[in-house]
Amino acid sequence: MSILIKNIKELLQVRDTNISVVKGKDMKILPSIKNAYLLIDHDTIVDYGSMDTIQDLNAEKVIDATGKIVLPTWCDSHTHIVYAGNREQEFVDRINGLSYEDIANRGGGILNSAEKLQNTSEENLYLQSAERLKKVISLGTGAIEIKSGYGLTIDGELKMLRVIKRLKKEFPVKVRATLLAAHAIPKEFKDNKTAFVNLVIDKMIPEVAKEKLATYIDVFCEKGYFDLEDTERILKAGKEHGLIPKIHVNQFNAFGGVDVGVKHQALSVDHLEEMNQDDIDVLKNSDTMPVALPSCSYFLSIPYTPARQIIDAGLPLALATDYNPGSTPSGNMNFVISTACIKMKMTPEEAINAATINGAYAMGIENMYGSITKGKKANLIITKQIPSYGFLPYAFGDNNIDQVIINGQTI
Ligand SMILES: [Zn+2]
């Protein structure tokens with residue numbers, strides 16, 4: 001099936017030759033074609049250009065995008081959408097004055113999600129997760145990374161990763177799986193964290209690698225969770241089994257985790273709400289993508305990742321949702337982009353670059369996703385009729401998406 005989209009008010013993120021990442025000052029540049037057309041053949045972008053230059057194109061279906069903007073779908077490189085139940089009671093507890101730590105100490109937080117997950121069948125877990133995935137696709141997400149981490153046992157982690165594998169099979173969007181066994185320390189290991197780290201290294205990583213259930217290895221590197229030594233040991237073990245590091249780091253404390261990530265060639269270091277100059281310097285000499293999760297800062301009322309400091313130092317930045325039941329019960333990339341502009345002082349161009357091509361890099365799929373380039377997958381957002389692309393972050397909380405196309409198919 002071929003589709004011609006014509007009379008596009010503006011076609012965004014047009015890259016004639018593919019680039020893998022946009023950094024520093026270049027993030028302010030978002031190449032586009034006004035009054036454009038785009039041609040899709042099966043699942044691939046095969047041609048585009050100005051309407052003035054359009055040839056006699058034969059297409060089985062024609063979409064008239066008069067007044068509408070077309071851009072690549074969002075690449076959400078950091079989520080935890082496979083989980084059981086919700087935690088709105090903890091949300092209310094926080095409103096009433098309890099801290100994240102208070103809640104964790106009474107068995108809430110990640111351990112609460114882990115208990116719910118234990119008591120949920122794989123089928124039910126799949127159904128709950130599939131609903132979330134459907135919703136984020138309708139909000140323009142065309143590629144998504146999904147982590148384990150609420151299992152905290154071998155069986156629990158395998159259950160989550162099998163659900164991710166099934167989502168990958170059943171849905172047309174690109175899905176990448178990450179083993180985040182070291183997400184929290186289970187109750188049984190409260191006084192013996194090393195034994196749990198050993199379990200992750202000796203049992204979980206080899207089993208997951210053997211079943212080929214994950215591409216990435218992740219660790220929640222934070223005070224009170226997994227320290228630098230634990231993180232190094234787990235990343236090393238993951239790499240020995242062919243898993244690529246991507247880590248949670250600097251959410252509450254900057255204590256050298258970025259350095260550990262870069263040392264182990266992490267594809268991305270995520271969160272970064274707390275950054276010092278050493279972290280910036282270390283990233284400058286690396287291929288590691290910094291990833292900001294502004295919805296998490298919004299929901300927890302913690303500082304935002306210092307995007308200006310990162311970008312003005314010449315670094316790239318990607319944006320993702322962190323969709324999870326505790327700190328970010330939202331997978332809306334449009335909200336992420338608005339919040340990045342409003343709270344992190346990113347320009348709309350920077351935010352869109354961060355949520356498309358840089359997000360694709362942060363999940364290792366920049367060759368096929370993240371820009372309007374011939375040969376790439378036809379994963380596209382067609383907006384409603386809007387005055388300009390700056391209207392997308394400006395009209396925060398609105399849904400200005402008219403249609404989503406995934407692999408050349410209208411969703
Ligand atoms: Zn996360």
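Every value quoted in this text rests on a predicted model; they were computed, and no experiment measured them. We count ligands from 1, going down the list as the structure has it; atoms in each ligand are counted the same way.
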Notebook entry, point to check: Restricting to pairs with a member in residues 303-316, which pass side-chain hydrogen bond (donor to acceptor under 3.5 Å, both in side chains), not counting sequence neighbours?
Noted result: Arg308-Asp312, Arg308-Glu350
Note to self: Check for me whether Lys246 meets the cation-pi criterion with Tyr216, that is, NZ or CZ under 6.0 Å from the six-membered ring centre and within 45 degrees of the ring axis.
What the structure shows: yes
Notebook entry, point to check: Which residues pass the side-chain hydrogen bond (donor to acceptor under 3.5 Å, both in side chains) test with Arg94, sequence neighbours left out?
Noted result: none
Checklist line | Spacing of CD1 belonging to Ile357 relative to SG belonging to Cys75, to within rounding of 0.5 Å | finding: 7.5 Å
Margin query: Can you pull out every side-chain hydrogen bond (donor to acceptor under 3.5 Å, both in side chains) where at least one residue sits in residues 385-400? Sequence neighbours excluded, please.
Written below: Glu349-Tyr389
Item checked: Exercise: do His264 and Glu232 side chains pair donor with acceptor under 3.5 Å -> yes
Notebook entry, point to check: Under 2.8 Å from the Zn ion (ligand 1), how many protein N/O/S atoms can be counted?
Noted result: 4
